[in-house]
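Working notes, structure below.
In listed order, ligands and their atoms are each counted from 1. The model shown is predicted, which means the values in this text are computed figures rather than measured ones. Just so you know, residue 1 is the first one in the sequence shown, and it goes up from there.
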Amino acid sequence: MNLVLVRGLLYILASILFVLGLKMLSSPATARRGNLVSALGMLIAVATTLSALTVIPWVWLLGGAGLGAAIGALAARLVKMTAMPEMVGLFNGFGGLASMLVGWAEYHGSWAAAGEIPTFTRVAIFLTILIGGVAFSGSLVAYGKLSATITGRPILYQGQNIVNAVLLTAIVLLGVWFSIQRARPPEATGFDLAYALLLGGIAAALILGVLSTIPIGGADMPVVISLLNSYSGLAVCAAGFVIGSTVLIVSGALVGASGIILTQIMCKAMNRSLTNVLFSGFGATATTKAGAYQGEASPITPEDTYFLLEAARNVVIVPGYGMAAAQAQHGVRELADLLEENGTQVRYCIHPVAGRMPGHMNVLLAEANVPYEQLVEPQDVNPTMETVDVAIVIGANDVVNPAAKEDQNSPLWGMPIIEVDRARTCLVLKRSLKPGFAGVDNPLFFKENTRMLFGDAKASINALVAEFKS
Ligand code: NAP
């Protein structure tokens, strides 16, 4: 059979595997298999592409693949689960950079090969460097904010949106100017106007990435990372048009679309519009002052907590970032098993932005083999919260903060929360009364029906397990 046809069929197979893998990622029960299926698709796509290459020496390709694999393996070992958003941010950035380089290199390649670049390819090249450039520099800023290398607070100045709008307009004009250039650079002067415009576009895109990300606060970075992920997918898609690669177009479009869907889901979970996330400078000013919620927190000992849980018929566990930080998920599962043996119904409720990355809590609970059927959605639990005997909050804070529905001045106002404050008893496991990621105080700790089990979540859970066993 014709080799070109075989390669085409293999690309179609790879694309189908990407789509199937993505579909499987939508349920915790099939997510791991989905990852493998997508990885298999990528292996087929990479191998097929490499088999068609004749220009680049194999030693370079193998060297590059080896280096990439080594960096990946090292990152998997060294990067902590809680630092995943930073790593994903960096990966997005490198994806954008790679696409930008493809566009830049193709400009030279097309000149050399044909002496002329068709308008369609020019447009695709400019889109590649524009979206790739924004994704690259924006991701570096997002990384800096999440890793606290630069301030997580929104950086605002007067006329910011106007500056960004002017820059964007300038980029569009540069793009149009670049796209209508046809002639080769005159031999005499050697000045290549199109190339100068392209370099101008690259510089402007890099600046736009920085300027459009600095006004966004650290608390909104997960949404921004998801959006930048979508941009890096779109850049890959545009790069696919530049070099005529169907598999790049398909995979880039899938990343672009899934990134934008995730962005929407996260915005909805925070009850914010994307425009509000991108332009409001959320968190620049704390409207509700620190210490605004006063009251007496009621601490509880593991012994008394045992009696509380022992009598409960119906428990909802709400995990948050603190469970990840303490690595308490296995203990939580053990405690849940003991509760069930005692005849208590146990359910887990995960907020979409709990933890530090999308699906963070799902991954940890899956690692502890928590049965999927015990996971319930906030919108299903909230209406029946009054019937819950004990809501156990394990290292969660922002996602259960009732200020979101009680205090119009709170930065969290309007964000849908898991309404544990309406359970008969709310048990909160954390080390102190300190705020969570958003830096907002939590009136939950002072409610009459709240009991605070202070300490590291893993130590507290282990103490409870020991109480049950004895
Ligand atoms: P959170 O509001 O950040 O609160 C976590 C709490 O865990 C802290 O208040 C801390 O209190 C406690 N904690 C930390 N280490 C602990 C330990 N070893 N043992 C016990 N408790 C510990 O967490 P969340 O309720 O899960 O909310 C997530 C927040 O992160 C949201 O604001 C969300 O927007 C943001 N975010 C989400 C993502 C995402 O994609 N999911 C990514 C980045 C940011 P103590 O210090 O008192 O112990």
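- For K434, the heavy-atom gap to ligand 1 drops under 4.0 angstrom.
- Put simply, no part of S460 is less than 4.0 Å from ligand 1, judged by heavy atoms.
- Which parts of ligand 1 touch D456 is read off a 4.0 Å heavy-atom cut-off, strictly below it: atoms 17 (C), 18 (N), 19 (N).
- By the 4.0 Å heavy-atom criterion, K458 is excluded from the residues contacting ligand 1.
- Residue contacts with ligand 1, taken as heavy atom pairs separated by less than 4.0 Å, do not involve H351 at all.
- The residue among F445, F454, F437 with a heavy atom at the shortest distance from atom 35 (C) of ligand 1 is F437.
- Checking V315, I392, V420, L308 one by one against T425, the side chain to side chain contact (heavy atoms under 4.5 Å, CB included) holds for a single residue, L308.
- Nearest protein heavy-atom neighbour of atom 14 (C) of ligand 1: R431 NH2, 3.3 Å.
- Counted within 6.0 Å of CZ on R32, heavy atoms from surrounding residues, nucleotides or ligands total 12 or fewer; the atom is thus considered open.
- Against a heavy-atom cut-off of under 4.0 Å, P435 is close to the following atoms of ligand 1: 9 (O).
- By the 4.5 Å heavy-atom criterion applied to side chains, H351 and V318 are not counted as neighbours.
- The single protein non-hydrogen atom nearest to atom 20 (C) of ligand 1 is A457 N, 3.3 Å, given as residue, atom name and distance.
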Item to complete: Run the numbers on K469 and E334 for salt bridge (Lys or Arg N to Asp or Glu O under 4.0 Å), then give the verdict.
Response: CA-CA 11 Å; K469 285 188 174 164; E334 204 181 344; 2.6 Å; yes
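- The existence of a salt bridge linking D421 and K405 is confirmed by a sub-4.0 Å separation between a basic side-chain nitrogen and an acidic carboxylate oxygen.
- The environment of CZ in F241 is sparse: at most 12 heavy-atom neighbours from other residues, nucleotides or ligands sit within 6.0 Å.
- Residue, atom and distance of the protein heavy atom nearest to atom 9 (O) of ligand 1 are N397 ND2, 3.0 Å.
- Given atom 23 (O) of ligand 1, the protein heavy atom at minimum distance is Y321 CB, 3.6 Å.
- Residue pairs meeting the salt bridge (charged side-chain N to carboxylate O under 4.0 Å, His left out) criterion with at least one partner in residues 386-395, sequence neighbours excluded, are E386-R422, D389-R424.
- Surrounding CG of L78 are more than 12 heavy atoms belonging to other residues, nucleotides or ligands, all under 6.0 Å away.
- Environment of OH in Y231: sparse, with no more than 12 heavy atoms of neighbouring residues, nucleotides or ligands closer than 6.0 Å.
- Near M266, meaning under 4.0 Å from one of its heavy atoms, ligand 1 places the atoms 40 (O).
- The closest protein non-hydrogen atom to atom 27 (O) of ligand 1 is V399 CG1, 3.6 Å.
- Within the listing of ligand 1, atoms 26 (O) sit less than 4.0 angstrom from a heavy atom of G320.
- Between P319 and ligand 1, not a single N/O pair is under 3.5 Å apart.
- Here the protein heavy atom with the shortest distance to atom 10 (C) of ligand 1 is K430 CE, 4.2 Å.
- Ranking the protein heavy atoms by distance from atom 32 (O) of ligand 1 puts D398 OD2, 2.6 Å first.
- When only interatomic distances are considered, the shortest N/O to N/O separation between V353 and ligand 1 falls below 3.5 Å.
- Within a 6.0 Å radius of CD in Q379, other residues, nucleotides and ligands contribute more than 12 heavy atoms.
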Practice prompt. Evaluate the criterion side-chain hydrogen bond (donor to acceptor under 3.5 Å, both in side chains) for residue pair S27 and Y372; output intermediate values, then yes/no.
Written response: CA-CA 9 Å; S27 153; Y372 303 121; over 6 Å; no
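- For the residue pair T128 and S99, no side-chain donor N or O sits within less than 3.5 Å of a side-chain acceptor on the partner.
- Distance from atom 44 (C) of ligand 1 to its nearest protein heavy atom, with residue and atom name: P222 CG, 3.4 Å.
- Judged as a ring pair (Phe, Tyr, Trp, His ring centres under 6.0 Å), and not counting sequence neighbours, the contacts of F468 are Y306.
- For atom 36 (N) of ligand 1, the nearest non-hydrogen atom from the set G355, A396, A325 belongs to G355.
- Across the listed options P352, G322, A438, G322 owns the non-hydrogen atom lying nearest to atom 13 (N) of ligand 1.
- Of the listed options S432, G395, A459, A324, G395 places a heavy atom closest to atom 6 (C) of ligand 1.
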